[in-house]
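To keep things clear, I will list the structure first and then write my remarks on it.
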Amino acid sequence: MKPMRFIDYPNQVDRSLYEEAVTGIIDRNKTTNGLKSIVKFGNLTTPGISDIDLLFIFEKGVMCGHTGMEDLPANHKKLFTHGIMALSEDK
C-alpha cells in the first residue's frame with residue numbers, strides 16, 4: 001500500500017470570513033419556503049481547519065430541493081467540510 005500524503009494543507013483564515021459566509025448563507029436562504037429557523041453551532045477554534053456548522057429547521061412536511069449553498073463564492077466554499085444539515089420540526 002502506498003503511503004498517504006497531504007495534498008492540500010490548511011491555511012489560516014481570518015475569522016471575519018467565517019462570519020461573512022454565515023451572514024451570506026442566512027441572507028440567501030432566510031426566505032426559503034417553510035424554513036423556520038437557522039441554527040449555527042460548533043466552535044471555530046482554528047480558522048482554516050475548523051468549519052461552519054449550520055442546521056436548517058423546516059416546518060413539518062416541507063420538502064426543500066436545494067442545498068442552501070447555491071452560488072456560494074469560492075472563498076466561502078473552502079470554509080465548509082460538509083453541507084448544511086436540515087431537519088423537519090415535529091409538532
**Straight-line distance of Lys36 NZ to Glu59 CD, nearest 0.5 Å** =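 Result: 6.0 Å between the selected atoms.
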Please give me the minimum heavy-atom distance between Thr32 and Cys64, naming the atom from each residue.
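That closest heavy-atom pairing would be CG2-SG, 4.2 Å.
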Tightest non-hydrogen contact, residues Ser88 and Gly61, listed as OG-N, 3.5 Å
Residues 19-31 vs salt bridge (Lys or Arg N to Asp or Glu O under 4.0 Å), sequence neighbours excluded, gives Glu19-Lys40, Asp27-Lys30
Applied to residues 69-81, the salt bridge (Lys or Arg N to Asp or Glu O under 4.0 Å) test, sequence neighbours excluded, yields none
Residues joined to Ile25 in its hydrophobic cluster, side chain to side chain under 4.5 Å directly or through other members, sorted by chain and number, are Val13, Leu17, Tyr18, Val22, Ile26, Leu35, Ile38, Leu44, Ile52, Leu54, Phe56, Phe58, Val62, Met69, Leu72, Leu79, Phe80, Ile84
Residue set satisfying side chain to side chain donor-acceptor pair (under 3.5 Å) with Thr31, at least two apart, ordered chain then number -> none
Item to check | With Asp14 via side chain to side chain donor-acceptor pair (under 3.5 Å) - residues at least two apart | outcome: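 Once residues adjacent in sequence are excluded, the partners of Asp14 under the side chain to side chain donor-acceptor pair (under 3.5 Å) criterion are Ser16.
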Check your understanding: What pairs with Ser37 under side-chain contact (heavy atoms from CB on, under 4.5 Å), at least two apart in sequence or on another chain?
Key ->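 Result, side-chain contact (heavy atoms from CB on, under 4.5 Å) vs Ser37: Val39, Ile57.
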